[in-house]
Amino acid sequence: MEHSSGGPSADGQGVRLVHEAERERYEALDGDEVVAVLYYADEPAPGDDGAQAPAIVRDLRSTVVAPERNGEGLGSALVRHVLDEARTHGLAVRPTCWFVDGWIQRHPQYGDLLEPGAQAAQPSQADGGPER
């Protein structure tokens with residue numbers, strides 16, 4: 001699946017978001033250059049008994065953005081794309097990656113995608129989160 005974002009691009013065409021399923025990753029491409037990657041692994045859902053919960057959990061493991069492209073919103077665009085695709089395909093997600101976990105905390109409308117029994121980690125005071 002391919003999706004074009006409105007993000008900046010050297011050729012003026014925008015950054016393309018591409019699912020490389022055989023490599024278990026999503027890529028943000030600027031022309032032919034990979035500028036960000038989100039790695040994942042699909043796993044059977046814990047206690048999968050065929051009930052209403054999704055049978056597959058997509059473990060979102062690591063998000064990497066090219067250092068020279070930091071601050072352009074590429075990581076956020078990639079996470080949103082991955083979560084939208086998970087929703088479309090009826091997958092639950094496990095945000096192992098700290099960036100994805102934080103992104104879901106800031107966008108609670110995606111919290112329903114978390115694997116059953118899980119919730120995004122709550123920010124601590126040390127992380128700049130609210131005092132408890």
Side-chain angles (χ1 to χ4, degrees):
M1 172 177 269
E2 189 170 310
H3 170 78
S4 292
S5 77
S9 171
D11 62 8
Q13 298 299 310
V15 173
R16 293 178 299 125
L17 305 176
V18 179
H19 184 191
E20 293 287 338
E22 67 281 356
R23 298 174 75 186
E24 293 190 316
R25 69 190 221 168
Y26 290 83
E27 299 174 340
L29 299 169
D30 188 351
D32 292 332
E33 180 184 5
V34 176
V35 294
V37 178
L38 192 153
Y39 296 94
Y40 71 90
D42 286 341
E43 301 176 356
D48 180 23
D49 58 4
Q52 305 240 340
I56 299 291
V57 174
R58 182 154 287 173
D59 186 354
L60 306 177
R61 297 185 170 183
S62 179
T63 306
V64 181
V65 176
E68 66 275 8
R69 301 298 295 263
N70 281 342
E72 295 182 21
L74 295 172
S76 291
L78 203 51
V79 171
R80 183 182 305 273
H81 176 71
V82 169
L83 294 176
D84 286 344
E85 189 169 290
R87 186 181 307 282
T88 298
H89 294 289
L91 302 175
V93 299
R94 178 182 304 132
T96 304
C97 170
W98 65 267
F99 182 80
V100 175
D101 186 59
W103 197 93
I104 293 172
Q105 287 177 44
R106 293 184 305 278
H107 300 86
Q109 67 270 28
Y110 287 93
D112 64 306
L113 293 174
L114 295 172
E115 69 181 309
Q119 62 180 4
Q122 297 301 309
S124 69
Q125 183 62 23
D127 295 332
E131 278 190 59
R132 296 193 198 275

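We're numbering straight along the sequence, starting at 1. This structure is a prediction, so every number in the text was calculated from the model and none was measured.
- Heavy-atom minimum distance, V93 versus A86: CG1-CB, 3.8 Å.
- Nearest heavy-atom pair across V15 and A28 is CG1-CB, 3.8 Å.
- At a threshold of 4.5 Å between non-hydrogen side-chain atoms, the residues V100 and L38 count as touching.
- In this structure, OH in Y39 is found 14.0 Å from CG in L60, a value given to the nearest 0.5 Å.
- Scanning for ring pair (Phe, Tyr, Trp, His ring centres under 6.0 Å) contacts around Y110 gives W103, with sequence neighbours left out.
- One distance of note links CD of E20 with OH of Y26; it measures 11.0 Å at 0.5 Å rounding.
- E43 meets the side-chain hydrogen bond (donor to acceptor under 3.5 Å, both in side chains) test with R61, R94; sequence neighbours excluded.
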Would D59 and E115 count as a side-chain contact (heavy atoms from CB on, under 4.5 Å) if you check the C-alpha gap in whole Å, the side-chain angles of each, and the deciding distance to 0.1 Å? CA-CA 9 Å; D59 186 354; E115 69 181 309; over 6 Å; no
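- Nearest heavy-atom pair across V37 and V34 is CG2-CG1, 3.4 Å.
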I'd like to know whether F99 forms a side-chain contact (heavy atoms from CB on, under 4.5 Å) with V79, so could you lay out the CA-CA distance, the side-chain angles of the two residues, the decisive distance to 0.1 Å, and finally the verdict. CA-CA 9 Å; F99 182 80; V79 171; 3.7 Å; yes
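- For the pair A36 and L74, the tightest heavy-atom approach, listed with the atom from each and the gap, is CB-CB, 4.3 Å.
- Of the possible donor and acceptor atoms, one in the side chain of R106 sits under 3.5 Å from a partner among the backbone N and O of G102.
- Between R87 and E85 there is no salt bridge, since no side-chain N of the basic residue sits under 4.0 Å from a carboxylate O of the acidic one.
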Would L17 and L78 count as a side-chain contact (heavy atoms from CB on, under 4.5 Å) if you check the C-alpha gap in whole Å, the side-chain angles of each, and the deciding distance to 0.1 Å? CA-CA 7 Å; L17 305 176; L78 203 51; 3.9 Å; yes
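- D30 is listed as a side-chain neighbour of R69, based on a closest heavy-atom distance under 4.5 Å.
- Minimum interatomic distance between A92 and P116 (heavy atoms only, all atoms of both residues): CB-CD, 4.4 Å.
- L83 CG to I104 CD1: the interatomic distance, rounded to the nearest 0.5 Å, is 5.0 Å.
- Residues R16 and G31 approach most closely at NH2-O, 2.9 Å, considering heavy atoms.
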Under the side-chain contact (heavy atoms from CB on, under 4.5 Å) rule, what do R80 and H107 come out as? Steps first, then yes or no, please. CA-CA 9 Å; R80 183 182 305 273; H107 300 86; 3.9 Å; yes
